[in-house]
**Student:** 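Pasting in a structure now, in structure tokens, and then I'll have a few things to ask.
Just so we're clear, the structure is a prediction, and the values are computed from it rather than from any experiment. Throughout, numbering of the chain's residues begins at 1 and tracks the sequence.
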Amino acid sequence: MKFSIKKADIIEVLSKVQGVTGRRSSLAITETVLIRAKNDGITITATDLETGFEGVYPAIVEKEGTIALNSRKFYEIIRDFPTDDVIINEVENRWIEIGHPKVLYHIVGMNPDDFPDAPVVENTKYLEIDSYTLKRMIERNVIVTGASDDKRAHIIGVYLQKVHKENKKSVRMVSTDGSRLVLMDGVYEGDIELKEGEGILIPKKGLHEINKFLDTEGVVRIGIKDNHFVLKKEKEVIIVRLLEGAFPSYEQIIVKDNGYIIPVNKQKFSMLLKRMSILSSDDYKAAIFNFEKDSIIISASNPDIGESKEDMPIAFEGESMSIAFNPRFFIDTLNVIDSEEVIIFLVNEEKPCLIFDKEDDSFLSAIMPMRI
């Protein structure tokens, strides 16, 4: 096999697949990228057995063939290569030359026949969705993470389902860690193999990898095929194995009836919460939110460090309420809201606090009170 490539054509994709090939695995072959040279291009494939990637890129192919190269080392060579053109040549016994007239690397590859087969996703039904919308849906949902050792499917996964919203076909992503919930809807065209009301669980780590390939413009296609979630772009495909398990019923949590609607300046509220979280620790995460007429007073106490208290004027006309929340959850939510003003929806001391983007009703966050 021998081909020549432009550094600029593959450096970005090699950087993005490091999250897949860099994961620990009992199979050394999953630390490689599979490169197939054929006709006027190359195909780059990567997998960790749960998330798989395949993309097609231009190249000048002198001799067709297939090789498997250590992903990290190949990326570092291409990243720091001093010329725009790189020649890759398989010489013998899986030894690969990577170079140019003045630079030459001689590295050993692995047997490409050992590379895992990719799932077949032909004849898949796809829906089309705005790439930036899907990117925002993922970014807003993956902020909700459970404990690092939590293996429950509904905690390490994001729930995807079809919903009808205001006579528009929408797809919804929902995630929870048991103490908070985030959801976002996106309008789509086309269809997928998913009945309305039913859903699938996509691993958050797989969505992290998908997010790297989503642009802020254009349209992408997503589908479901044989227990896999598929993202398809013009020349790239990412396939993620679904999780097995059920997502808890969440509809009652997001009901917006018989409560107080409180508009709040996002920046001022976020800075207040950051100041109140300074004294927090793993053992003392809570802050007390005191809602008074036209005011909110937030206080935090940590017997190992000290106390803090701050008030902020808000448009609240209800009876006084004192509720304990984790301020970090509010900060995480405010960080992914674009509007200058957010809406807080509050019912009582036992119900979750709902947070909305004032200018985007497709997003919602629910934060449960804490018991202290």
**Student:** Measure across Ile323 and Asn348 and return the closest heavy-atom pair with its distance rounded to 0.1 Å.
**Tutor:** CD1-O, 3.7 Å
**Student:** Would you indicate whether Glu122, at its atom CD, is surrounded by more than 12 heavy atoms from other residues, nucleotides or ligands within a distance under 6.0 Å?
**Tutor:** no
**Student:** Side chains of Lys205 and Thr51, heavy atoms from C-beta outward: is any pair under 4.5 Å?
**Tutor:** no
**Student:** Honestly curious: do Ile156 and Leu160 fall in one hydrophobic cluster under the side-chain, below-4.5 Å linking rule?
**Tutor:** no
**Student:** Salt bridge check, Glu341 against Lys266: does any charged N sit closer than 4.0 Å to a carboxylate O?
**Tutor:** no
**Student:** What I want to find out is whether Glu90 reaches Arg94 closely enough, with some N-O distance under 4.0 Å, to be called a salt bridge.
**Tutor:** no
**Student:** For the atom pair CD (Gln161) and CG (Leu194), what is the distance rounded to the nearest 0.5 Å?
**Tutor:** 8.0 Å
**Student:** Assigning hydrophobic clusters by single linkage (Ile, Leu, Val, Met, Phe, Trp, Tyr; side-chain heavy-atom cutoff under 4.5 Å), is Ile44 placed with Leu34?
**Tutor:** no
**Student:** I'd like to know if Ile143 and Ile254 are part of one continuous hydrophobic network [Ile/Leu/Val/Met/Phe/Trp/Tyr, side-chain heavy atoms within less than 4.5 Å].
**Tutor:** no
**Student:** Taking NZ in Lys358 as the centre, count heavy atoms belonging to other residues, nucleotides or ligands within less than 6.0 Å. Is the count above 12?
**Tutor:** no
**Student:** Check this for me: does any side-chain nitrogen of one of Asp360 and Arg140 sit under 4.0 Å from a carboxylate oxygen of the other?
**Tutor:** yes
**Student:** Give, for atom OH of Tyr105 and atom NE2 of His100, the distance between the pair rounded to the nearest 0.5 Å.
**Tutor:** 14.0 Å
**Student:** Distance from Asn211 atom CG to Lys135 atom NZ, nearest 0.5 Å?
**Tutor:** 4.0 Å
**Student:** Does CD in Glu349 sit with more than 12 non-hydrogen atoms of other residues, nucleotides or ligands closer than 6.0 Å?
**Tutor:** yes
**Student:** How are the rings of Tyr159 and Tyr250 set relative to one another: parallel (under 30°), tilted (30 to 60°) or perpendicular (over 60°)?
**Tutor:** perpendicular
**Student:** Calculate, to the nearest 0.5 Å, the distance between atoms CG and OG1 belonging to Asp357 and Thr333 respectively.
**Tutor:** 11.5 Å
**Student:** Within the 3.5 Å criterion, strictly below it, is a donor on Gln18 or Ser71 matched to an acceptor on the partner's side chain?
**Tutor:** yes
**Student:** Answer yes when Glu209 and Arg23 have at least one side-chain N-carboxylate O distance shorter than 4.0 Å, and no when they do not.
**Tutor:** yes
**Student:** Of all the heavy-atom pairs spanning Leu242 and Pro203, show the shortest one and how long it is.
**Tutor:** CA-CD, 4.4 Å
**Student:** For Glu76, look at atom CD and say whether over 12 heavy atoms of other residues, nucleotides or ligands are found less than 6.0 Å away.
**Tutor:** yes
**Student:** Less than 3.5 Å apart, any donor N or O on the side chain of Ser179 or Asn326 sitting next to an acceptor on the other?
**Tutor:** no
**Student:** Taking Phe81 as the starting point, is it possible to reach Ile67 by hopping between hydrophobic residues whose side chains are less than 4.5 Å apart?
**Tutor:** yes
**Student:** Indicate the atoms forming the closest heavy-atom contact of Ile29 with Asn111, along with that distance.
**Tutor:** CD1-O, 3.8 Å
**Student:** Does anything in residues 330-372 form a ring-ring contact (aromatic ring centres under 6.0 Å, His included)? List the pairs, not counting sequence neighbours.
**Tutor:** Phe289-Phe330, Phe325-Phe330
**Student:** Do you know which two heavy atoms are closest between Ile88 and Ile5, and how far apart they sit?
**Tutor:** CD1-CD1, 4.1 Å
**Student:** So, Asp191 and Lys169, do they make that salt bridge, N to O below 4.0 Å?
**Tutor:** no
**Student:** What are the two closest heavy atoms between Val255 and Leu354, and how far apart are they?
**Tutor:** O-CD1, 3.8 Å
**Student:** Please check if the distance between the ring centroids of Phe53 and Phe213 is under 6.0 Å.
**Tutor:** yes
**Student:** Is the closest basic N to carboxylate O distance between Asp215 and Lys233 below 4.0 Å?
**Tutor:** yes
**Student:** Is the count of non-hydrogen atoms from other residues, nucleotides or ligands lying under 6.0 Å from Lys225 atom NZ greater than 12?
**Tutor:** yes
**Student:** Are the charged groups of Lys7 and Asp84 less than 4.0 angstrom apart, N to O?
**Tutor:** no
